[in-house]
Amino acid sequence: MAENMKSTTKATLYDAFAASGKALASGKRLELLDLLAQGERTVDALAKAAGLNLTTASAHLQTLKQAGFVATRREGVRIHYRLAGDDVAQLFALLRKVAEKHQAAVPAARDAYLGQDTTGEVSREELRARTAAGDVVVLDVRPVEEYLAGHIPGAVSIPVDELAGRINELPEQAEIVVYCRGEYCVLAYDAVRLLTDRGRRAIRLNDGMLEWRLSELPVDAAELT
């Protein structure tokens with residue numbers, strides 16, 4: 001009887017673990033976690049950013065909430081979502097790296113999405129050293145609300161869809177280091193291509209804001225530069 005009881009409770013435990021896995025078994029839910037890793041957002045904002053209708057976005061968010069991955073707060077009639085903790089961001093980042101290493105389809109899908117990369121890149125450590133030396137301009141090409149929620153200290157905010165019209169705001173002779181949400185964010189790739197096509201010297205940070213935060217590096221918030 002005791003062995004049967006242990007077997008039952010063990011199955012219950014592993015089913016509880018599996019519930020978390022099931023919550024992650026959707027590309028759109030992972031995309032929502034990616035967006036929430038940049039900062040708190042309303043359901044409306046998340047739906048728009050992820051290309052979902054409100055009903056579908058709400059259903060995905062409820063699944064993530066039931067699994068304990070996201071938390072909410074209410075402000076009037078609006079519900080704001082955020083990651084339940086840094087451990088959720090760490091899990092999301094690790095899942096992507098494990099998938100890239102062990103799932104054959106991921107590298108090809110990554111390259112198809114991000115496009116051919118013929119430009120240089122720098123690490124977080126190199127960027128911090130070069131920023132301290134004052135020889136680069138750090139450019140954040142995420143949407144403004146993400147920049148305001150947290151950005152690399154000293155970074156300039158020009159969203160990628162505004163960059164072509166605002167390129168003259170960047171010093172002509174400076175090298176520009178571009179970053180966006182994370183290692184798999186296409187915005188930085190697009191921005192570097194645009195800048196180099198216009199004759200500017202531009203390279204990417206080799207990951208992005210997600211990895212910067214998880215490394216517990218300094219983050220500024222709520223200030224446009």
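This one's a predicted model, so the numbers in the text were calculated from it and none came from an experiment.
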Table please: side-chain donor-acceptor pairs of residues 130-139 below 3.5 Å, with sequence neighbours left out.
residue: R130; atom: NH1; partner: E175; partner atom: OE1; Å: 2.8
residue: R130; atom: NH2; partner: E175; partner atom: OE1; Å: 2.6
residue: T131; atom: OG1; partner: L127; partner atom: O; Å: 2.8

Donor-acceptor contacts, no H, no angles, side chain residues 163-174, under 3.5 Å, sequence neighbours left out:
residue: R166; atom: NE; partner: E169; partner atom: OE1; Å: 3.3
residue: R166; atom: NE; partner: E169; partner atom: OE2; Å: 2.9
residue: R166; atom: NH1; partner: E162; partner atom: OE1; Å: 2.7
residue: R166; atom: NH2; partner: E169; partner atom: OE1; Å: 3.0

>> Is there a path of hydrophobic side-chain contacts, each under 4.5 Å between heavy atoms, that joins L36 and L54?
In response: yes
> Sequence neighbours excluded, which residues qualify as salt bridge (Lys or Arg N to Asp or Glu O under 4.0 Å) partners of R110?
Replying inline: E100
> Does some side-chain heavy atom of V219 sit less than 4.5 Å from a side-chain heavy atom of M209?
Replying inline: yes
>> Treating E211 as the side-chain partner and E183 as the backbone partner, does any N or O pair qualify as donor plus acceptor under 3.5 Å?
In response: yes
> Does Y179 reach the main-chain N or O of I152 with its side chain, forming a donor-acceptor pair under 3.5 Å?
Replying inline: yes
>> Take a 6.0 Å sphere around CD of E216 and say whether it holds more than 12 heavy atoms from other residues, nucleotides or ligands.
In response: no
> Hey, any chance L94 and L33 share a hydrophobic cluster, counting ILVMFWY side chains that come within less than 4.5 Å of each other, even indirectly?
Replying inline: no
> Can you tell me how far OG1 of T8 sits from CG of L13, rounded to the nearest 0.5 angstrom?
Replying inline: 12.5 Å
>> What I want to find out is whether R181 reaches D34 closely enough, with some N-O distance under 4.0 Å, to be called a salt bridge.
In response: no
> Does the side chain of S157 reach to within under 4.5 Å of the side chain of H151, using non-hydrogen atoms?
Replying inline: no
>> Can you pull out every ring pair (Phe, Tyr, Trp, His ring centres under 6.0 Å) where at least one residue sits in residues 19-71? Sequence neighbours excluded, please.
In response: none
> When rounded to the nearest 0.5 angstrom, what is the spacing between CZ in R128 and CZ in R124?
Replying inline: 10.5 Å
>> Among residues at least two apart in sequence or on other chains, which ones pass salt bridge (Lys or Arg N to Asp or Glu O under 4.0 Å) with R213?
In response: none
> Can you name the closest pair of heavy atoms from L32 and A57 and give their distance?
Replying inline: CD1-O, 4.4 Å
> Please, which pairs that meet salt bridge (charged side-chain N to carboxylate O under 4.0 Å, His left out) have at least one residue in residues 47-63, sequence neighbours excluded?
Replying inline: none
>> Applying side-chain hydrogen bond (donor to acceptor under 3.5 Å, both in side chains), can you list everything that pairs with K28, at least two apart in sequence or on another chain?
In response: E31
> So which heavy atom on A67 is nearest to which on A23, and how close?
Replying inline: CB-CB, 3.5 Å
> How would you list all residue pairs meeting salt bridge (charged side-chain N to carboxylate O under 4.0 Å, His left out) that involve residues 184-196, not counting sequence neighbours?
Replying inline: D190-R193
> Would L214 end up clustered with V70 when hydrophobic side chains under 4.5 Å apart are linked, directly or stepwise?
Replying inline: yes
> Nearest 0.5 Å, what's the OH-CG distance between Y81 and L61?
Replying inline: 5.0 Å
> Taking the side chain as C-beta and beyond, is there a heavy-atom pair between V178 and L187 under 4.5 Å?
Replying inline: no
>> For the CG atom of L30 and the CZ atom of R96, what is their distance to the nearest 0.5 Å?
In response: 9.0 Å
> Is the backbone of G182 close enough, under 3.5 Å, to the side chain of W212 for a donor and an acceptor to pair up by distance?
Replying inline: no
> In Å and rounded to the nearest 0.5 Å, what is the SG to CD distance from C185 to Q38?
Replying inline: 7.5 Å
>> Holding to salt bridge (Lys or Arg N to Asp or Glu O under 4.0 Å), I want the full list of residues that pass it with R142, two or more places apart in sequence or in another chain.
In response: D140
>> Once salt bridge (charged side-chain N to carboxylate O under 4.0 Å, His left out) is applied, what residue pairs with a partner in residues 58-73 remain, sequence neighbours excluded?
In response: E40-R73, R73-E75
>> Test of understanding: clusters of I, L, V, M, F, W, Y form through side-chain heavy atoms closer than 4.5 Å, transitively. Do V192 and V160 belong to the same one?
In response: yes
> Nearest heavy-atom pair of A84 and G68: which atoms, and what distance?
Replying inline: CB-O, 3.2 Å
> So do L24 and L91 actually touch side chain to side chain, heavy atoms under 4.5 Å?
Replying inline: yes
> Can you list every pair that meets ring pair (Phe, Tyr, Trp, His ring centres under 6.0 Å) and has a residue in residues 12-37, with sequence neighbours left out?
Replying inline: Y14-F17
> For the residue pair A37 and L210, what are the closest heavy atoms and their distance?
Replying inline: CB-CD1, 3.8 Å
>> If the condition is salt bridge (Lys or Arg N to Asp or Glu O under 4.0 Å), which residues does R29 pass it with, not counting sequence neighbours?
In response: none
> Quick check: does any side chain N or O of Y184 sit under 3.5 Å from a backbone N or O of Y113, one acting as donor and the other as acceptor?
Replying inline: no
>> If I take atom CG from residue L195 and atom CD1 from residue I203, how far apart are they, to the nearest 0.5 angstrom?
In response: 11.5 Å
>> Please give me the minimum heavy-atom distance between P218 and P153, naming the atom from each residue.
In response: O-CD, 3.2 Å
>> Please determine whether residues L205 and Y189 belong to a single hydrophobic cluster, defined as Ile, Leu, Val, Met, Phe, Trp and Tyr linked transitively by side-chain heavy-atom distances below 4.5 Å.
In response: no
> Closest approach of A49 and L35, non-hydrogen atoms and distance?
Replying inline: CB-CD1, 3.7 Å
>> Quick check on D86: does its CG atom have over 12 non-hydrogen neighbours (other residues, nucleotides or ligands) under 6.0 Å away?
In response: no
